Structures are given as structure tokens and as C-alpha cells.
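Each remark here refers to the structure printed beneath this line.
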Amino acid sequence: MAARRFFSLVSRSQSFPRPTLGFVSLLHTLGRDTQRSRNISKLSTAAEVDELITPSVEIRYTKNLINGKFMDAASGKTFPAYDPRTGEVIAHVAEGDQEDINRAVSAARKAFDEGPWPKMTPYERSRILLRVADLVEKHNDELAALETWNNGKLYEQAVNIEVPMFVRLLRYYAGWADKIHGLTVPADGNYHVQVLHEPIGVAGQIIPWNFPILLFAWKVGPALACGNTVVVKTAEQTPLTGLFAAQLFQEAGLPPGVLNVVSGFGPTAGSALASHMDVDKIAFTGSTDTGKIIYQLAAKSNLKPVTLELGGKSPFIVCEDADVDKAVELAHFALFFNQGQCCCAGSRTYVHERIYDEFLEKAKAAALRRVVGDPFKKGVEQGPQVDSQQFEKILKYIKSGVESNATLECGGDRIGTKGFFVQPTVFSNVQDDMSIAKDEIFGPVQTILKFKSVHK
């Protein structure tokens with residue numbers, strides 16, 4: 001399956017396309033709010049990084065949820081969860097592997113084949129999902145703090161948009177539970193042809209680290225609303241909010257085994273889930289390279305259906321008649337939002353040659369004004385990258401850009417001596433064949449390319 005790619009074009013003669021997802025629209029609102037804070041902020045980015053707020057949240061759930069119970073990994077192993085602001089360990093999480101996946105799938109299979117969930121009336125399933133939404137709403141601030149602490153994303157973004165969107169999504173999917181209708185199909189002759197929509201069975205779901213709590217809702221909500229049972233493999237970088245959310249599903253009355261959550265690594269737990277013969281469907285959000293592996297494992301096992309939502313290198317095109325100030329604002333948000341860790345980031349900025357120099361100077365100024373620091377603080381616009389691996393990958397791409405003779409306009413280095421903070425970086429004179437123009441950097445690196453015409 002090809003990677004999803006989002007195309008943005010800014011021109012006065014053509015109105016900017018309205019986002020089709022409410023989530024994107026809300027995030028753009030956040031971008032305008034932080035733009036205002038940027039204009040009045042006099043904070044030093046270095047000082048912001050050095051002075052960190054201690055989150056007022058307790059890490060309560062670190063074990064795998066299998067068959068309605070939290071339990072240690074079968075091997076007894078754990079792995080560390082980090083605070084990306086400092087690189088320090090904040091929790092040790094049960095490290096699930098093949099045996100834990102086997103147990104989780106077995107519980108999900110039994111819950112589907114023998115349990116009440118798929119046999120339950122859609123109305124009753126809807127009521128349970130609505131209770132989950134109420135509980136998430138009750139714990140909104142706690143979940144948001146945990147998300148920021150383990151991921152590094154802005155607390156304002158998590159508390160005001162992402163966790164509330166979790167609630168909204170669950171209520172949306174709950175509303176669909178009793179509205180899944182079949183079809184009657186016209187046929188030649190005296191026949192009655194009917195199509196029934198039924199749950200597929202055990203759904204294996206692997207979620208990424210850039211939007212942990214939100215992607216948990218995207219994956220789990222529709223699968224449960226349709227009567228499936230689920231095994232979720234959380235991202236090893238960000239397991240904490242998924243485990244917390246799993247507990248809320250249990251509190252809401254979800255039967256044991258319907259939702260199982262295993263934390264672990266891709267080559268062990270993820271591979272075991274994708275290749276399991278008793279999993280009826282696999283869904284994965286993440287990198288294109290990993291998506292290819294998931295596809296192969298699913299095909300080589302029981303040829304289970306696969307849904308992939310993968311990365312891309314989306315172009316953001318600024319035409320010569322565009323409002324340059326507005327285009328700079330939109331392009332800045334499209335790239336730097338969520339520390340650049342977004343699969344639909346506008347990560348290739350194409351600017352018409354007639355306005356290229358003006359756009360470049362204003363884009364550089366916007367990057368230099370961007371406030372980087374503790375994501376728990378108001379006025380901060382950019383937190384740390386998620387972990388050391390992503391941090392080093394971004395710095396490697398920046399070095400590649402310099403070595404390829406792209407012009408480093410600003411940024412290009414880390415901030416501070418601890419944690420995974422990267423300076424907002426802008427490259428000009430970028431060519432299509434450069435790695436920074438072709439590869440998904442997944443970081444705060446804006447590459448600005450020049451073009452003459454949108455027509456070949």
C-alpha cells in the first residue's frame with residue numbers, strides 16, 4: 001500500500017483547501033494561538049530548556065493488560081520509558097514478546113468466540129464506549145500530563161486538543177455501533193440477496209509514538225464499536241497513556257479479553273502480532289519500511305487483511321500570487337507542528353522563484369522566533385524529539401543537507417546539553433535529489449525549494 005501524502009497549495013486565485021478532519025482544523029487553531037504567543041514572547045530558548053516543570057501525575061500502569069488483568073511479561077523483563085526533556089528514565093514497563101502476544105490473542109479469540117461482546121446488542125456496546133469517553137474526559141488533565149511527560153509534545157496541545165479528541169472520537173464511534181446496516185441487492189429471478197456486515201474477529205493493532213493517545217482511539221474505537229476484540233501493541237517509546245486508557249475501558253465495563261494491550265518492541269511483539277495465525281485483521285500506523293514488513297508477515301501467515309497508514313514527504317506549494325505572510329505562517333505550522341513528527345507534515349516547501357527570497361527571509365525569521373523549551377510551559381511552541389534515536393536521526397539529516405551543499409539558513413544543532421531538543425532548522429537552495437528533500441526526516445527541519453511553474 002502506498003504511503004499517504006498530503007498536498008498543500010497556496011495561491012490568491014485559489015482559496016486554501018479547508019481541512020477535512022476536525023482534528024487538523026483544531027490543531028491549526030492551536031498554531032494561530034502559539035503564533036500570537038511567539039510575537040510577544042521574550043523568553044530565551046536555552047533558559048526554557050534548563051528550567052523544567054515536574055509533572056503532577058503518577059505513573060500507575062506499567063504492566064500488560066491481558067484478559068482483563070494487568071500482569072508482568074511472561075519473561076519477567078521490563079524496558080525503560082523516558083522523559084525526552086532530560087533522557088532520564090521515568091518508569092519501567094513490562095516488555096511483552098511472542099508469549100505475551102500469544103496469551104493476548106488467545107484471550108481475544110475466546111472473548112470473540114465465546115464471550116458476550118460480539119453477541120451484545122449494538123446499543124449496549126455503544127453505552128459502554130460512551131462510559132469510556134466519560135471516564136477519559138474525567139481524567140483529561142492526567143492523561144495529557146502523562147502524554148507530554150512520555151512523548152515531549154506540548155501540554156497545551158495534549159490537554160486542550162488531543163485528549164478531548166479521544167473523547168470525541170469514542171463518542172462518534174459509539175454512535176455508529178447501532179447504525180451498521182446490511183444491504184439488499186437486486187438480482188435476476190425470484191431471489192433475495194442480502195449482505196450482512198459482521199465483525200471480522202480478532203483485530204491486531206500497532207500504534208505509533210507521535211500521537212499515542214489519539215491513535216489509540218482511532219484504532220480501538222471503530223474495531224470495538226463493530227463488535228471485534230482487540231490486541232494493541234503500543235509503541236515502545238510511548239506506552240504509558242495506552243495502558244492508562246486500557247484501565248478506563250475496564251472500569252467502564254468492557255468484558256475481559258475484549259481489549260488487550262501489550263507493550264514491547266517491533267521485532268518481537270509487533271512481529272508476533274502481525275504473523276499470528278489467530279489474528280483476523282492487522283492495522284498499523286508508522287513508517288513505510290515497517291509497513292512493508294507488516295504486509296509481508298500478514299501475507300506469509302494467514303493472509304490476513306492489512307490496513308496501513310504510513311509516512312510520506314508531502315509537498316507544500318506556494319504560488320507567485322500567494323499572500324506571502326499567510327503562506328509563511330501556514331508552511332511553518334505544516335512543518336514544525338508536533339516537533340515535525342507528523343506523517344502529513346508539509347515537509348517539502350516549494351516556493352515560486354518570484355517570491356522565493358521574500359518567503360525565505362520571513363520563514364527564517366519565523367523559525368528564529370520559535371520558542372523551544374519545556375512543553376509543560378505556556379508560551380513554548382516546540383518540545384523535545386521523542387527519543388535519542390529520533391534525535392540523532394534528525395541531526396544526521398541536517399549534516400547530510402550541509403554536505404549536499406544546501407544552504408543552512410538557521411538552526412542545525414541541538415539545544416542544551418540534556419534531553420532531545422533540536423533547533424528549528426531551515427534549509428534553502430534545496431534540490432530534489434538531496435536526501436533532505438526525498439526522505440521523511442520527521443523533525444523540525446524545513447527544506448525550501450524553488451520552482452518556476454506548476455506545469456511541466
Side-chain angles (χ1 to χ4, degrees), residues 1-11 14-32 153 157 208-211 214-215 218 284-292 307-319 322 324 326-352 356 359-360 363 366-367 370 382 385-386 390 393-394 397-398 400-401 406 422 424-428 430-451 453-456:
M1 175 178 177
R4 287 176 53 188
R5 298 175 188 270
F6 287 74
F7 179 97
S8 298
L9 184 145
V10 183
S11 168
Q14 181 177 354
S15 62
F16 190 77
R18 180 180 297 273
T20 56
L21 295 176
F23 172 59
V24 175
S25 181
L26 285 170
L27 291 177
H28 190 207
T29 300
L30 176 67
R32 290 196 298 270
K153 67 171 66 252
Q157 177 182 319
W209 48 259
N210 56 338
F211 294 95
L214 194 58
L215 268 293
W218 283 2
F284 168 76
T285 298
S287 72
T288 301
D289 288 342
T290 304
K292 293 177 182 178
T307 299
L308 301 176
E309 183 187 18
L310 308 178
K313 191 69 174 175
S314 307
F316 190 101
I317 302 172
V318 184
C319 297
V324 175
K326 186 65 174 176
V328 168
E329 177 192 342
L330 292 171
H332 183 90
F333 174 76
L335 186 282
F336 289 101
F337 162 67
N338 204 50
Q339 292 68 252
Q341 299 170 155
C342 188
C343 67
C344 57
S347 53
R348 287 184 294 155
T349 306
Y350 287 91
V351 182
H352 194 276
Y356 186 87
F359 182 97
L360 177 60
R370 190 168 184 82
Q382 181 178 312
Q385 309 308 130
V386 71
Q390 188 66 18
K393 172 188 171 185
I394 293 165
Y397 270 114
I398 292 173
S400 168
V422 175
T425 299
V426 175
F427 277 103
S428 64
V430 180
Q431 305 302 315
D432 284 322
D433 60 350
M434 295 179 181
S435 293
I436 59 172
K438 296 189 297 182
D439 298 349
E440 187 179 31
I441 300 173
F442 228 60
V445 181
Q446 186 176 37
T447 60
I448 305 180
L449 300 89
K450 185 184 296 185
F451 75 93
S453 172
V454 295
H455 305 290
K456 291 184 178 181

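Predicted model only: the values in this text are computed from it and were never measured.
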Donor-acceptor contact below 3.5 Å, side chain [X] vs main chain [Y]:
| X | Y | result |
| --- | --- | --- |
| Tyr356 | Ile448 | yes |
| Ser435 | Gly401 | no |
| Arg370 | His332 | no |
| Gln382 | Val422 | yes |

Any non-hydrogen side-chain atom of [X] less than 4.5 Å from a side-chain atom of [Y]?
| X | Y | value |
| --- | --- | --- |
| Pro444 | Gln385 | yes |
| Leu360 | Val351 | no |
| Phe427 | Met434 | no |
| Tyr397 | Asp439 | yes |
| Thr349 | Leu335 | no |
| Ile441 | Lys313 | yes |
| Phe451 | Ile317 | yes |

Taking all non-hydrogen atoms of both residues into account, name the closest pair between [X] and [Y] and its distance.
| X | Y | result |
| --- | --- | --- |
| Phe442 | Cys343 | CE1-N, 3.7 Å |
| Leu308 | Gly291 | CD1-O, 3.7 Å |
| Phe359 | Val324 | CA-CG1, 4.0 Å |
| Leu310 | Ser287 | CD2-O, 3.5 Å |
| Ile394 | Gly443 | CD1-CA, 3.5 Å |
| Gln157 | Phe211 | NE2-CE2, 4.0 Å |

Atom pair [atom1] ([X]) and [atom2] ([Y]), whose distance is rounded to the nearest 0.5 Å:
| X | Y | atom1 | atom2 | value |
| --- | --- | --- | --- | --- |
| Ile436 | Thr447 | CD1 | OG1 | 6.0 Å |
| Gln341 | Glu440 | CD | CD | 10.5 Å |
| Lys438 | Asp432 | NZ | CG | 9.5 Å |
| Asn338 | Phe333 | CG | CZ | 9.5 Å |

